[in-house]
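Below is one structure; the comments refer to it alone.
Note that the structure is a prediction, hence the values are computed from the model and not measured.
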Amino acid sequence: IDYFAGIRYLPTPTMGAHEIPETGCATPGDRVTFGINKWIGYVYNDPSETRNFATATYIGTVNENLSTIDRFFPNDPITGQINGDSRNIPCVTPPHDKFLVRYKMKLNITDPGMYNFTITGDDGYKLFIDDLTTPLINRWANNKATSANHKNMTVGVHEFILEYYE
């Protein structure tokens with residue numbers, strides 16, 4: 001359980017989750033906002049490994065800038081904790097295992113055509129593009145695997161959701 005290698009080639013509906021008990025620490029992020037040409041990741045603790053966003057505990061955000069067309073979503077190399085270009089998980093120690101992330105991004109496509117999407121990960125992942133109910137790629141299983149699919153992309157803004165569990 002060392003990595004999640006994100007989307008290759010290119011770069012949800014709101015679901016309920018239990019909030020952290022009131023401790024005076026405010027958990028950031030509204031879980032609804034999409035990043036504009038960057039990923040906003042909404043992080044959930046999942047100690048029972050239900051792999052269900054509705055029953056996991058929302059704890060904060062990680063952000064991934066879209067600096068290259070290939071994107072790697074790393075964990076911290078020392079602690080193994082979820083990491084990103086920025087991280088805002090102030091109320092608990094960021095998890096290194098037994099967590100879920102729902103990344104959201106709106107991406108402006110200026111070059112229409114057929115796009116290939118490839119995801120590699122050592123645990124489960126799903127990729128939704130525009131149709132937020134049917135994943136383009138769905139590999140919600142415990143094993144290292146690479147999955148791919150293609151989609152004809154039109155000019156304009158498209159909604160991407162990438163979900164994964166560790």
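For K126, the side-chain contact (heavy atoms from CB on, under 4.5 Å) test picks out F128, P135, N138, W140, E163, with sequence neighbours left out. Under the rule for a side-chain hydrogen bond (donor to acceptor under 3.5 Å, both in side chains), the partners of T50 that lie at least two apart in sequence or sit in another chain are D46, T55. Judged as a side-chain contact (heavy atoms from CB on, under 4.5 Å), and not counting sequence neighbours, the contacts of D111 are Y115. Qualifying side-chain hydrogen bond (donor to acceptor under 3.5 Å, both in side chains) partners for S48, counting only residues two or more places apart in sequence or in other chains: none. Checked against side-chain hydrogen bond (donor to acceptor under 3.5 Å, both in side chains), D130 has the following partners two or more places apart in sequence or in another chain: H158. With sequence neighbours excluded, no residue forms a side-chain hydrogen bond (donor to acceptor under 3.5 Å, both in side chains) with N108. Residues satisfying the side-chain contact (heavy atoms from CB on, under 4.5 Å) test with P28, not counting sequence neighbours, are N88, P90. Considering only residues two or more places apart in sequence or on other chains, K106 meets the salt bridge (charged side-chain N to carboxylate O under 4.0 Å, His left out) condition with E159.
Here I109 contributes atom CD1 and M153 contributes atom CE; the two are 4.5 Å apart, rounded to the nearest 0.5 Å. Rounding to the nearest 0.5 Å gives a distance of 5.0 Å between CG of L107 and CG of N37. Rounding to the nearest 0.5 Å gives a distance of 8.5 Å between CD of E49 and CG of D123. Distance CG/L127 to CZ/F160: 7.0 Å, rounded to 0.5 Å.
Within 6.0 Å of the NZ atom in K98, the count of heavy atoms belonging to other residues, nucleotides or ligands does not exceed 12.
When the options I82, T93, N45 are evaluated for a side chain to side chain contact (heavy atoms under 4.5 Å, CB included) with I59, the one that passes is N45.
The heavy-atom pair separating A141 from Y165 by the smallest distance is C-OH, 3.0 Å. Of all the heavy atoms in T146 and T118, the pair that sits closest is CG2-CG2, 3.4 Å. In terms of heavy atoms, Y125 sits closest to T120 at CE2-C, 4.3 Å. Minimum heavy-atom separation, G60 to T27: N-CG2, 3.6 Å. Of all heavy-atom pairs between L100 and R51, the closest is CD2-CA, 3.7 Å. Of all heavy-atom pairs spanning P95 and V43, the tightest one is CG-CG1, 4.3 Å.
Y103 contributes no side-chain N or O that, together with a main-chain N or O of V62, makes up a donor-acceptor pair within less than 3.5 Å.
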>> Run the side-chain contact (heavy atoms from CB on, under 4.5 Å) test on D85 and W39 for me, step by step, so that the C-alpha distance in whole Å, both residues' side-chain angles and the decisive distance to 0.1 Å come before the verdict.
In response: CA-CA 10 Å; D85 294 320; W39 295 101; over 6 Å; no

> Yes or no on side-chain contact (heavy atoms from CB on, under 4.5 Å) for I40 and N63, after CA distance, side-chain angles and deciding distance?
Replying inline: CA-CA 5 Å; I40 297 176; N63 294 305; 3.5 Å; yes

>> For a side-chain contact (heavy atoms from CB on, under 4.5 Å) check, start with the C-alpha distance between I119 and L162, then their side-chain angles and the critical distance, and finish with the verdict.
In response: CA-CA 10 Å; I119 302 175; L162 174 64; 3.8 Å; yes

>> As a quick check of understanding, evaluate side-chain contact (heavy atoms from CB on, under 4.5 Å) for F99 and V101, giving each step before the final call.
In response: CA-CA 7 Å; F99 65 89; V101 182; 3.7 Å; yes

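Note on ring orientation: taking the six-membered ring where Trp is involved, the planes of Y58 and Y42 are tilted (angle from 30° to 60°).
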